[in-house]
Amino acid sequence: MSHTFHIPVLGLGYSIDTPLKVSRYGISSVLSIVDDELIERMRAYHTQKAMLKFIPIAKSETDYRSKRITAYLNFLNHQINQQFSDLKQQPFIGGSDICRYFDLLPDASPLKQGYDLMLDYPEGKSREAFQERLRKSMSLGAVDVNIMAKVDKMNYVNNEYSGDVNTDALAALRGFAQSDLNASVILSAGMNPKLYSYLESFKDFFPDAEGKLKKRIILKVSDFRSALIQAKFLAKKGLWVSEFRIESGLNCGGHAFATEGYLLGPILEEFKNRKIAMYDELFQLYQGAIVQKDIEIKVKPKQRVSVQGGIGTASENDFLRMYYGVDGTGWGSPFLLVPEATNVDAETLAQLTAAQENDYYLSSVSPLGIQFNNFRNSSIEKQRKERIEKGRPGSPCTKKYLCNNTDFTEQAICTASREYQHLKIKALKTGGLSEQEYQRQFDTVTEKVCLCEGLCASAYLKYGISKAKESKAVAICPGPNLAYFSDVYSLDEMVGHIYGKLDLLAEVERPHFFIKELNLYIDYLQNDLQQHLQDFSDKKRKQLNNFKQQLATGINYYKNLFSEMAGQASEQLKALAVSEIKLNNILVD
């Protein structure tokens with residue numbers, strides 16, 4: 001791989017075409033394939049922009065969802081390979097894209113060092129031969145896709161269930177599996193046995209005669225135990241996990257899957273100490289399974305470990321790679337301020353650059369019932385409040401991707417929908433609640449927003465393709481780390497910052513990302529405790545005590561870690577001491 005970092009999935013629309021913008025420079029990125037409507041509209045936009053013929057795939061077509069996804073991924077694959085081919089043919093002259101490719105590389109990269117040597121060569125055949133070797137050594141950034149495993153709505157045709165293979169997640173996987181891409185699917189948000197078993201249906205997830213995988217599996221995980229359980233389930237089916245992508249439970253963007261108090265540092269330590277033993281255990285299961293399928297492998301498959309969530313400086317990036325031996329890092333939210341790479345409309349971009357720490361918060365706006373990193377100044381928040389003031393809370397539900405509630409209806413509906421909120425509020429009014437309790441539950445119900453529309457709106461606004469009656473309200477879900485970045489950056493600047501070629505946060509006071517995550521968890525514990533004061537069961541008391549104890553264990557781990565480090569050790573230990581006092585002041589018993 002040319003680069004040591006990747007750009008993770010960013011909402012729905014924010015990174016939907018990021019590969020078109022960065023893959024030719026060797027930078028890997030991830031797009032969501034949840035929303036086939038978004039995907040079809042982006043295919044239409046980019047196809048027409050490239051002056052190619054666009055053939056729409058109508059919803060009336062059989063298996064239209066997976067066909068749309070396949071068509072878009074094939075389009076991306078074709079366009080990116082063409083971009084890369086054109087780039088490699090360019091002359092090595094200042095300002096060319098081929099020079100930019102090499103300039104973006106980390107200084108420690110052998111390819112970058114070779115490029116620098118080439119520049120010192122005198123003009124002539126030796127220099128030209130050197131340039132040809134460099135061209136042959138270049139590689140594209142991966143075009144990977146993300147599927148939230150449990151966002152798997154059942155679908156109906158004429159009120160009849162269309163079958164398990166046509167649920168949202170399985171149809172999305174089929175769309176990826178049948179595409180031309182040589183890439184990975186990132187499975188996130190927990191284990192879905194039905195989806196995981198469906199992977200067996202596609203030959204590209206199994207090794208070819210040379211032992212190579214055309215389609216690979218990456219698991220996004222938040223702890224070692226869940227990683228091993230999921231990987232063993234797959235290995236027993238002859239499916240290899242090519243990468244474990246560890247993500248901070250709270251110091252990340254989008255949905256936040258808090259652990260039971262396990263912090264990122266101790267989690268990485270466990271992976272560091274146990275990854276070899278895990279590899280051996282998984283390979284034994286995998287080898288036994290593929291033998292049963294009459295598949296032979298001559299070379300053992302590789303397995304990477306990467307980490308993402310809250311990384312903000314080159315020193316933190318280098319530390320993760322050197323101390324924990326991770327193979328790569330993920331940088332997500334900061335790229336929302338890089339218009340060359342992502343789709344943020346002008347109004348939201350201006351709001352993000354002016355935002356403060358308290359503008360980013362953990363919310364309950366997601367209809368999935370999972371905590372969601374939210375931006376206080378987003379236009380969808382303004383819209384939500386206006387609808388409540390007008391006595392019409394909730395959103396029209398047109399896409400129905402997040403329908404999961406059957407309290408009032410036979411078929412599931414979305415808790416952010418106007419239909420659900422109307423029915424729920426009606427029930428609250430007849431529930432005999434006190435005025436205070438009614439308002440509390442009313443606020444809980446009406447906090448939900450339509451993420452299906454909101455997370456696409458920014459891309460439509462940026463490209464000027466919003467439909468007349470379509471909501472223009474933007475939902476955006478940066479991680480808390482974005483608070484420390486306060487400008488619009490070029491791709492070169494952000495990549496240079498990651499590799500330490502320049503420092504975009506030189507004048508910014510910012511906590512170490514381990515300590516930031518710790519404080520987020522302490523706040524999470526405090527809020528959880530407050531929410532359960534009225535129904536504080538023995539089971540909940542035990543769970544919160546265990547949570548607090550894990551945080552205390554994490555603090556002790558960080559004390560030892562920072563004590564061994566030179567440079568900023570005293571500064572980090574002081575910050576830890578403040579966090580420890582804050583944790584000790586939370587009384588669970």
Taken to the nearest 0.5 Å, the spacing of Ser242 OG from Trp240 CH2 works out to 8.5 Å
List the atom of Ser364, the atom of Lys448, and the distance in Å for their closest heavy-atom pair.
O-NZ, 2.8 Å
Within-4.5 Å side-chain heavy-atom neighbours: Ser378 and Thr348
no
Backbone of Lys467 reached by a side-chain donor or acceptor of Glu470 within 3.5 Å
yes
Does any non-hydrogen side-chain atom of Leu451 lie less than 4.5 Å from one of Pro367?
yes
Atom pairs and distances, side-chain donor-acceptor, residues 46-54, under 3.5 Å, sequence neighbours left out:
unit_1 : atom_1 : unit_2 : atom_2 : d
His46  : NE2    : Asp17  : OD2    : 2.7
Thr47  : OG1    : Arg43  : O      : 2.5

How long is the gap from CD1 on Ile186 to CD1 on Ile147, to the nearest 0.5 Å?
9.5 Å
Apply the test side chain to side chain donor-acceptor pair (under 3.5 Å) to residues Gln308 and Thr329: give CA-CA distance (whole Å), side-chain angles for both, the deciding distance (0.1 Å), then the verdict.
CA-CA 6 Å; Gln308 60 195 44; Thr329 55; over 6 Å; no
Quick one: OG on Ser29 to CG on Asn146, what's the gap to the nearest 0.5 Å?
12.0 Å
If you measure from OG on Ser96 to CZ on Phe102, what distance do you get to the nearest 0.5 Å?
10.0 Å
Any side-chain heavy-atom pair of Lys215 and Ser179 under 4.5 Å:
yes
Proximity of Phe485 and His497 rings by center, below 6.0 Å
yes
Among Lys194, Arg65, Lys399, which one satisfies salt bridge (Lys or Arg N to Asp or Glu O under 4.0 Å) with Asp168?
Arg65
May I have the step-by-step check of side chain to side chain donor-acceptor pair (under 3.5 Å) for Asn343 and Tyr14, ending in yes or no?
CA-CA 5 Å; Asn343 299 321; Tyr14 296 103; over 6 Å; no
For Gly312, is there any backbone N or O sitting under 3.5 Å from a side-chain donor or acceptor partner on Glu316?
yes
Is the Tyr463 to Tyr45 ring centre distance short of 6.0 Å?
yes
Consider salt bridge (Lys or Arg N to Asp or Glu O under 4.0 Å). Of Asp164, Asp36, Asp63, which one does Arg174 pass it with?
Asp63
Over 60° means perpendicular and under 30° means parallel, so classify the ring planes of Phe372 and His255, tilted if in between.
perpendicular
Is it the case that the side chain of Thr342 and the backbone of Ser15 share a donor-acceptor pair, with hydrogens and angles ignored and the cut-off at 3.5 Å?
no
What verdict does the side chain to side chain contact (heavy atoms under 4.5 Å, CB included) test give for Phe92 and Ile98, after you've listed the backbone C-alpha separation in whole Å, the side-chain angles of each residue and the deciding distance to 0.1 Å?
CA-CA 7 Å; Phe92 282 87; Ile98 194 168; 3.5 Å; yes
Got a donor-acceptor contact below 3.5 angstrom from the Gln303 side chain to the Val241 backbone?
yes
Show, in sequence, the C-alpha distance, side-chain angles and deciding distance for Lys302 and Glu243, and conclude whether the salt bridge (charged side-chain N to carboxylate O under 4.0 Å, His left out) test is met.
CA-CA 8 Å; Lys302 294 180 180 179; Glu243 182 177 334; over 6 Å; no
Minimal non-hydrogen separation, Pro480 against Cys252, with atom names:
CD-O, 3.6 Å
Is a side-chain N or O of Asp327 found less than 3.5 angstrom from the main chain of Val305, in a donor-acceptor match?
yes
In this structure, are over 12 heavy atoms from other groups packed under 6.0 Å from Arg376 atom CZ?
yes
Residue pairs meeting salt bridge (charged side-chain N to carboxylate O under 4.0 Å, His left out), one or both in residues 330-348, sequence neighbours left out, come to Arg100-Glu340
Lys203 NZ/CZ over Phe205 ring centroid, <6.0 Å and within 45° of normal:
no
Answer yes or no: is there a side-chain heavy-atom contact under 4.5 Å between Asp487 and Leu504?
no
Evaluate the criterion side chain to side chain donor-acceptor pair (under 3.5 Å) for residue pair Glu517 and Ser248; output intermediate values, then yes/no.
CA-CA 8 Å; Glu517 187 203 47; Ser248 167; 2.7 Å; yes
Looking at Val221 and Ser226, what are the two nearest heavy atoms and their distance?
CB-OG, 4.3 Å
Taking it one step at a time, do Gln82 and Asp86 satisfy side chain to side chain donor-acceptor pair (under 3.5 Å)?
CA-CA 6 Å; Gln82 187 60 55; Asp86 293 344; 3.0 Å; yes
Test: Arg41 cationic atom under 6.0 Å from Tyr460 six-membered ring centre, within 45° of axis:
yes
At what distance, to the nearest 0.5 angstrom, does CG of Leu140 lie from CG of Asn182?
10.5 Å
Is Val30 close to Val145 at the side-chain level, that is, under 4.5 Å between some pair of heavy atoms?
no
Would you mind listing every ring pair (Phe, Tyr, Trp, His ring centres under 6.0 Å) that reaches into residues 176-198, with sequence neighbours excluded?
Tyr198-Phe202
Has the side chain of Arg321 got a donor or acceptor atom that lies under 3.5 Å from a matching backbone atom of Asn317?
no
Quick one: are Val326 and Ser306 in side-chain contact, heavy atoms under 4.5 Å?
no
Closest heavy-atom pair, Gly309 versus Phe513, reported as atoms and distance to 0.1 Å, is O-CD1, 4.0 Å
Cys477 vs Asn374, side chain to side chain contact (heavy atoms under 4.5 Å, CB included): CA-CA, chis, key distance, verdict:
CA-CA 5 Å; Cys477 48; Asn374 205 11; 5.9 Å; no
Quick one: are Leu368 and Met148 in side-chain contact, heavy atoms under 4.5 Å?
yes
4.5 Å side-chain heavy-atom contact, Glu419 and Thr409:
yes
Passes side chain to side chain contact (heavy atoms under 4.5 Å, CB included), Leu12 versus Val34? Steps please.
CA-CA 8 Å; Leu12 295 177; Val34 165; 4.1 Å; yes
Point-to-point distance, once rounded to the nearest 0.5 Å, from CG of Leu199 to CG of Leu239:
5.5 Å
Lys516 and Asn251 have their tightest heavy-atom pair at CG-ND2, 3.9 Å
Tyr101 and its side-chain contact (heavy atoms from CB on, under 4.5 Å) partner, picked from Leu134, Leu111, Ile27:
Leu111
With no hydrogens and no angle check, is any side-chain donor or acceptor of Lys220 less than 3.5 Å from a backbone partner on Gly190?
no
Closest non-hydrogen contact found for Ala416 with Cys450 is CB-N, 3.9 Å
Determine yes or no for a side-chain-to-main-chain donor-acceptor pair under 3.5 angstrom, with Gln421 supplying the side chain and Val445 the backbone.
yes
Between the side chain of Glu493 and the main-chain N/O of Ser490, is any donor-acceptor distance below 3.5 Å?
yes
Should Tyr484 and Asn481 be marked as a side chain to side chain contact (heavy atoms under 4.5 Å, CB included) after you check the CA-CA gap, both sets of side-chain angles, and the distance that decides it?
CA-CA 6 Å; Tyr484 309 108; Asn481 189 41; 3.7 Å; yes
